[in-house]
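Encoded as structure tokens, the structure appears first; notes follow it.
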There are 2 protein chains.
Amino acid sequence: MSQHRTRAEQRRDTEARILAAARETFARLGYERTTIRAVAASAGVNAGLVMHYYGSKEELFSRAAKLPDDELPAGHPAEALLSTLRRRLDDEPVASLVVLRSMLTHAEASKEFRAAASGWLGRIGDAIPAQDADLRAGLISAIITGVVIDRYLLKLSSLADASADDIVSLLRPCFESLTNDPPH
Amino acid sequence: MSQHRTRAEQRRDTEARILAAARETFARLGYERTTIRAVAASAGVNAGLVMHYYGSKEELFSRAAKLPDDELPAGHPAEALLSTLRRRLDDEPVASLVVLRSMLTHAEASKEFRAAASGWLGRIGDAIPAQDADLRAGLISAIITGVVIDRYLLKLSSLADASADDIVSLLRPCFESLTNDPPH
DNA sequence: GTCTATACATCGATAGAC
DNA sequence: GTCTATCGATGTATAGAC
């Protein structure tokens, strides 16, 4: 039972399928090892069509790589940061993994990460009452990055198999000391 | 004034020069973007010679990528780990950066990192008196990895410009709580 | 010991058919 | 809207000259 679909609808669907396939492949293999042909096959279309819609591999990557600008919840900085960590431990969005996977080896991914980190670091720093707030914010960000990398990208068992609750609990004292918060 | 050198000596020198050039290039660009031609040019020799000596790009990478098996100094676990961190903050060896740069996108680098992390995590875990020692060890390792990545690979200013002393000081409470050590 | 020449595969990108 | 055909560039690897 085929649906009636305009050409525009059909195109939107196909474009979305291609983008989803691109996200999955970029997140898994990184920029260099991902080929347009593989993305096309995974989306069930032809390689030429991917180029037709997205123009270039670089443009496809840019569309696939998006970091959410984590807003910092109100309240005590340590708890706010821990709740952000909590959310990312439960399910790190694929679009984020696209950036993380390639940020060490691809300029565009590195740039995207820097841009997001820049805003993110500023907000953390503003919430920390200390003259070395920038360094403290950088350390918190580095901890989160390291944990997410080991858990989702390298899948090291000690972190990949742990519960998000346990990780958050163990890191609470770290975040409290780095944000200059008293323990509670 | 040319030295007298046997062919064997000459060969050792050239091989070493190629390996050093390979380390620098792999560390800077990662596995995929590094070309045999670029390594050869950087070493002042021909591309064919690199292949002649190392057989394949993969083999050259294996020779260039070596993680030192950090031994854990004796004493209180937290201080021992902090002194290891201290050493890595002062100068992370190029051979290590080769592994770190490509570990997210190249299987061989990932394998090398896992192997080193495995031994490393075991030693940390053994030194921590807690039933969840494995997770604690994984978190400590993730923190170090995250900090080194941000400082040396991404060069985020807040970490790249900071002094090793300041970083160690700020992370001391983190390591103490994760190793279950009392502060002192 | 080191270099030249080249085979061979892969991939991004383009042009045009259906 | 989607696919076929193909070009051109790049890079590893091999064979052999000097």
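Naming convention: chains lettered A, B, ... in sequence-line order (proteins, then strands); numbering from 1 in each chain.
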Per-nucleotide protein contact string for nucleotides 4-18 of chain C, where B marks a base within reach and S marks sugar-phosphate only (heavy atoms under 4.0 Å, - for neither): B------BBSB----
Sugar-phosphate, base or nothing in reach of B:A8, heavy atoms under 4.0 Å: sugar-phosphate
Touch class at under 4.0 angstrom, heavy-atom based, for B:Y53 against every strand present: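 Sugar-phosphate contact only - B:Y53 comes under 4.0 Å of backbone atoms but never of a base.
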Members sharing B:V94's hydrophobic cluster (side chains within less than 4.5 Å):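 When side chains under 4.5 Å apart are linked, B:V94 ends up in no cluster with other residues.
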Pairwise distance CG(A:N180) to CD1(A:I128) - rounded to 0.5 angstrom: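 Result: 8.0 Å between the selected atoms.
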List the atom pairs, with distances to 0.1 Å, where a side-chain N or O of residues 38-53 of chain A and a protein N or O form a donor-acceptor pair under 3.5 Å, not counting sequence neighbours.
| from | atom 1 | to | atom 2 | distance (Å) |
| --- | --- | --- | --- | --- |
| A:N46 | OD1 | A:G48 | N | 2.7 |

Test salt bridge (charged side-chain N to carboxylate O under 4.0 Å, His left out) applied to A:R86 and A:D166, A:D70, A:D165, the passing residue: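 Single pass found, and it is A:D165.
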Residues from residues 12-30 of chain A lying under 4.0 Å of DNA chain C - heavy atoms: none
Verdict with reasoning, A:D13 to A:R5, per side-chain contact (heavy atoms from CB on, under 4.5 Å): CA-CA 10 Å; A:D13 279 8; A:R5 299 199 303 182; 2.4 Å; yes
Counterpart residues, ring-ring contact (aromatic ring centres under 6.0 Å, His included), relative to A:F61 (two or more places apart): A:F26, A:Y31, A:H106
Where at least one partner belongs to residues 138-160 of chain B, residue pairs that pass side chain to side chain donor-acceptor pair (under 3.5 Å), sequence neighbours excluded: none
Backbone N/O of A:L154 and side chain of B:R114: donor-acceptor pair under 3.5 Å: yes
